[in-house]
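Here is the structure we will look at, set down as structure tokens.
Chain naming here is simple, since letters A, B, ... match the order of the sequence lines and numbering starts at 1 in each. We use all heavy atoms of the structure for the numbers below, so side chains are in, but hydrogens, waters and symmetry mates are not.
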There are 2 protein chains.
Amino acid sequence: MSKQTGPLVDLTAAPCCPPLVQQRVPGETAAVLAPAFKALGDPVRLQLMSMIASAEGGEVCVCDLTPAFDLTGPTISHHLRTLREAGLVDAERRGTWVYYRARPQILRQLAALLSV
Amino acid sequence: MSKQTGPLVDLTAAPCCPPLVQQRVPGETAAVLAPAFKALGDPVRLQLMSMIASAEGGEVCVCDLTPAFDLTGPTISHHLRTLREAGLVDAERRGTWVYYRARPQILRQLAALLSV
DNA sequence: TCTCTGTCTCGACGTTCGTCGAAACAGAGA
DNA sequence: TCTCTGTTTCGACGAACGTCGAGACAGAGA
């Protein structure tokens, strides 16, 4: 992993987001946004996302995330990568530890899409 | 299928939904809400959800949904069942046709959870 | 009653997912 | 340089998923 790991999906590229209730989501938009919902579609990842997004200082160390679950380190790492690749979080290594922070813009996009 | 098909998951039972960014989502809440995100995590289902939720009159016939995709009837039916079981939509047969309508309350819950 | 059409269920298939243990990698400190 | 710890990658496994074709079911109309 490089020092600064960005998302593999650029969600700012998504033609963005009149509420799903107001206007049909076109196929291309669905293809871009569905992976983000999919990433949130696992209970462990939903909790991870929340722990990261609600963290004081805006970031959390993996070392604080892992012990909160009854899962091995590699499994947590795998879920974090899924969140990263979905563009929901960013990771940065500083010294020994790796810190994750949320990308609020995409959360806003998803919330806007679902708003009624 | 009975005349009136309800969701298998009662989302009103979920201890509901301070924003994920404000407060850690507890495990039980994550277990209840993650399946809804998962259901939206497929491009076909995201479009189906949008077509249903944005329909005039608040409902759509399956016969109008199916031809919008390059997929077989059984496949669309399977995706609709997934949305139903996630509590996102309701189905009702009236005569020959089956109509789907959105459940706005759960969309509101999901949007609230993601709001920043 | 029979037939026709719309929708769902069933069974099968290849693919993806969630999990683990083992091993590799990165940085800190001796 | 060596070692120790935190994190990720790799390879494997069973379970779940998305899709299909074939067939079953439901209601309308003759």
Check the phosphate of [N] against [X], side-chain N and O only, distance under 4.0 Å to OP1 or OP2. Yes or no?
X	N	answer
A:Y99	D:dT7	no
B:T96	C:dT5	no
A:K38	C:dT16	no

Sidechain-backbone polar pair: B:S50 side chain, B:Q47 backbone, donor-acceptor under 3.5 Å: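 It does not hold such a pair.
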
- [ ] Once you apply the 3.5 Å cut-off to both distances, tell me the Watson-Crick or G-U wobble partner of D:dG6, or none.
- [x]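 Base partner found: C:dC25.
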
Item to check | Pair assignment for D:dA30, Watson-Crick or G-U wobble, requiring both distances under 3.5 Å | outcome: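 C:dT1 - that is the nucleotide pairing with D:dA30, both distances being under 3.5 Å.
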
Rounded distance in Å - [atom1] ([X]) to [atom2] ([N]):
X	N	atom1	atom2	answer
B:W97	C:dT5	CH2	P	12 Å
A:F69	C:dC20	CZ	C1'	17 Å
B:E85	C:dC8	CD	P	12 Å
B:R94	D:dA26	CZ	P	19 Å
B:D42	C:dC17	CG	C1'	14 Å
B:R93	C:dT7	CZ	C1'	6 Å

Exercise. Between B:T66 and A:T72, name the one whose nearest nucleotide on DNA chain C is closer to the 5' end.
Key: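 Counting from the 5' end, the first nearest nucleotide belongs to B:T66.
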
Test: disulfide bond (SG atoms under 2.5 Å apart). Region: [range]. Which pairs qualify, not counting sequence neighbours?
range	value
residues 67-116 of chain A	none
residues 64-116 of chain B	none
residues 21-90 of chain B	B:C61-B:C63

Using a heavy-atom distance cut-off of less than 4.0 Å, which residues of residues 73-83 of chain B contact DNA chain D?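 Residues of residues 73-83 of chain B that come under 4.0 Å of DNA chain D are, in numerical order, B:P74, B:T75, B:H78, B:H79.
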
**Message:** Using a 4.0 Å cut-off on heavy atoms, which residues in residues 44-63 of chain A reach DNA chain D? List them by number, or say none.
**Reply:**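 Heavy-atom contacts with DNA chain D come from A:C61, A:V62, A:C63.
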
- For B:R93 and B:Y99, test the side chains for any donor-to-acceptor distance below 3.5 angstrom and give the result as yes or no.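 No pair is found: no donor N or O on one side chain lies under 3.5 Å from an acceptor on the other.
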
Considering residues at least two apart in sequence or located in another chain, which fulfil the salt bridge (Lys or Arg N to Asp or Glu O under 4.0 Å) criterion with B:R81?
->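 B:R81 satisfies salt bridge (Lys or Arg N to Asp or Glu O under 4.0 Å) with no other residue.
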
What residue pairs, at least two apart or across chains, pass salt bridge (Lys or Arg N to Asp or Glu O under 4.0 Å) with a residue in residues 34-55 of chain A?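 Those involving residues 34-55 of chain A do not exist here.
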
### Message
Show every salt bridge (Lys or Arg N to Asp or Glu O under 4.0 Å) that has at least one partner inside residues 46-68 of chain A, sequence neighbours left out.
### Response
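Applying salt bridge (Lys or Arg N to Asp or Glu O under 4.0 Å) to every pair that reaches into residues 46-68 of chain A, excluding sequence neighbours, yields A:E59-A:R94, A:E59-A:R101.
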
Using a 3.5 Å cut-off and no angle test, enumerate the donor-acceptor pairs between side-chain atoms of residues 65-77 of chain B and protein atoms at least two apart in sequence or in another chain.
unit_1 : atom_1 : unit_2 : atom_2 : d
B:T66  : OG1    : B:V62  : O      : 3.1
B:T72  : OG1    : B:T75  : N      : 3.4
B:T72  : OG1    : B:T75  : OG1    : 3.0

